[in-house]
Amino acid sequence: MLPFMARWGLKPKPLDTGPRYAGANDRSMASALDIVLLFTLLNDLSARANAFIYAAFQKIPPGSGAPVTSFEALAAGLWEIRYPWLISNGLVVLMIGMLLVACQWAYGTTPGKWLLGLRIVRVGTLEPVAPWRYILRFFAYIPAALPLMLGIFWMSFNRQHRGWHDYIAGTVVIYTRPRGWYWQQVKRGYRWLYSLAVKKPVGEPAAEQGHDNGAKPIE
């Protein structure tokens, strides 16, 4: 391993001791869940804001006009709506950032990360993150994503699975649940369902017949 590469954490071999750092696959899955949830929540609001902004500029939103038949026409159309496009998309990014930072500020995680048992903490100390670091971390996605997502893919090539946004904000993502936790929940649910399926019905009480010394069941 070159010293320069080792300096920036390019050591793919995982650590066997200490905290369990969240892998790239789980972090990507958590981000996908967050994106789906956020776009579902913000779909109506963003559509209304988008329509208002384009109307204010007296422009037609992309995809609402006549079909584009050439690259020149596409480029000219995009240049024509550059200002409302930038404002509307910037507003969407701002709304997403506010919701994500609010969740991280309150709980130290996001809905997607919570489902997968992940939490954002300070690197080294593993203490809760200061609120301003969550804001810095969100905006640090911009330099991490601009060079062909290189800063995002960086988490696949270092022991702590940190992206550029983690390095900038001084954070790391760890697992909060032990290994095999989900499998234990699956087995627990299976045992519960199995106990319901095989539960024997309560039998009816035996018929009784009157006797001199009291009621006794019929033999």
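Distance check, rounded to the nearest 0.5 Å: CH2 of Trp164 to CE of Met149 gives 11.5 Å. Residue Asn25 holds its CG atom at 9.5 Å from NE2 of His161, rounded to the nearest 0.5 Å. Rounded to the nearest 0.5 Å, atoms CG (Leu38) and OG (Ser46) are 11.0 Å apart. Within the model, atoms CZ of Arg177 and CD of Gln184 stand 14.0 Å from one another, a figure rounded to the nearest 0.5 Å. Put simply, CD1 on Ile174 and CD1 on Ile120 are 10.5 Å apart, with the number rounded to the nearest 0.5 Å. Atoms CZ and CZ, from Arg162 and Arg27 in turn, are 9.5 Å apart once rounded to the nearest 0.5 Å.
Summarising the geometry of Gly112 relative to Asp34, their closest heavy-atom pair is N-OD1, 2.6 Å, with the distance given to 0.1 Å. The two atoms that bring Ala49 and Leu91 nearest to each other are CB-CD2, 3.7 Å, heavy atoms only. Contact between Leu148 and Phe153 at its shortest, heavy atoms only, is O-CE1, 3.9 Å. When every heavy atom of Phe138 is checked against every heavy atom of Val101, the shortest pair comes out as CB-CG2, 4.2 Å. Closest non-hydrogen pair, Tyr182 versus Gly117, comes out as OH-N, 3.3 Å.
Judged by the 6.0 Å and 45° rule, Arg82 forms no cation-pi pair with Trp85.
Using a 4.5 Å heavy-atom threshold, the side chains of Ile142 and Leu146 count as touching. When side chains are defined from C-beta on, Pro111 does not count as touching Leu33, because their heavy atoms never get closer than 4.5 Å. The shortest distance between side-chain heavy atoms of Leu118 and Trp114 does not fall below 4.5 Å. Contact annotation: the side chain of Tyr21 approaches that of Val172 to within less than 4.5 Å [non-hydrogen atoms, C-beta and beyond]. Residues Val121 and Thr171 are not in side-chain contact: their nearest non-hydrogen atoms beyond the backbone lie 4.5 Å or more apart. Between Ile81 and Pro84, some side-chain heavy-atom pair lies under the 4.5 Å cut-off. Residues Gln104 and Arg137 are in side-chain contact: their nearest non-hydrogen atoms beyond the backbone lie under 4.5 Å apart. Residues Val129 and Tyr134 meet the side-chain proximity criterion, which asks for heavy atoms closer than 4.5 Å.
No side-chain donor from either of Thr109 and Arg119 sits under 3.5 Å from a side-chain acceptor of the other.
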Open item on the list: Show, in sequence, the C-alpha distance, side-chain angles and deciding distance for Tyr175 and Asp26, and conclude whether the side-chain contact (heavy atoms from CB on, under 4.5 Å) test is met.
Closed with: CA-CA 10 Å; Tyr175 291 104; Asp26 288 337; 2.4 Å; yes
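For Leu193, the CG atom counts as densely surrounded, since its 6.0 Å shell holds more than 12 non-hydrogen atoms of other residues, nucleotides or ligands. Within a 6.0 Å sphere centred on CE of Met95, other residues, nucleotides and ligands contribute more than 12 heavy atoms. The environment of Phe52 atom CZ is sparse: at most 12 non-hydrogen atoms of other residues, nucleotides or ligands sit within 6.0 angstrom. Annotation for Gln185: atom CD counts as buried by contact number, over 12 foreign heavy atoms lying within 6.0 Å.
With respect to Arg133 and Asp166, no salt bridge is recorded, no charged nitrogen being found less than 4.0 Å from a carboxylate O.
Taking the ring centroids of His165 and Tyr141, they lie under the 6.0 Å cut-off.
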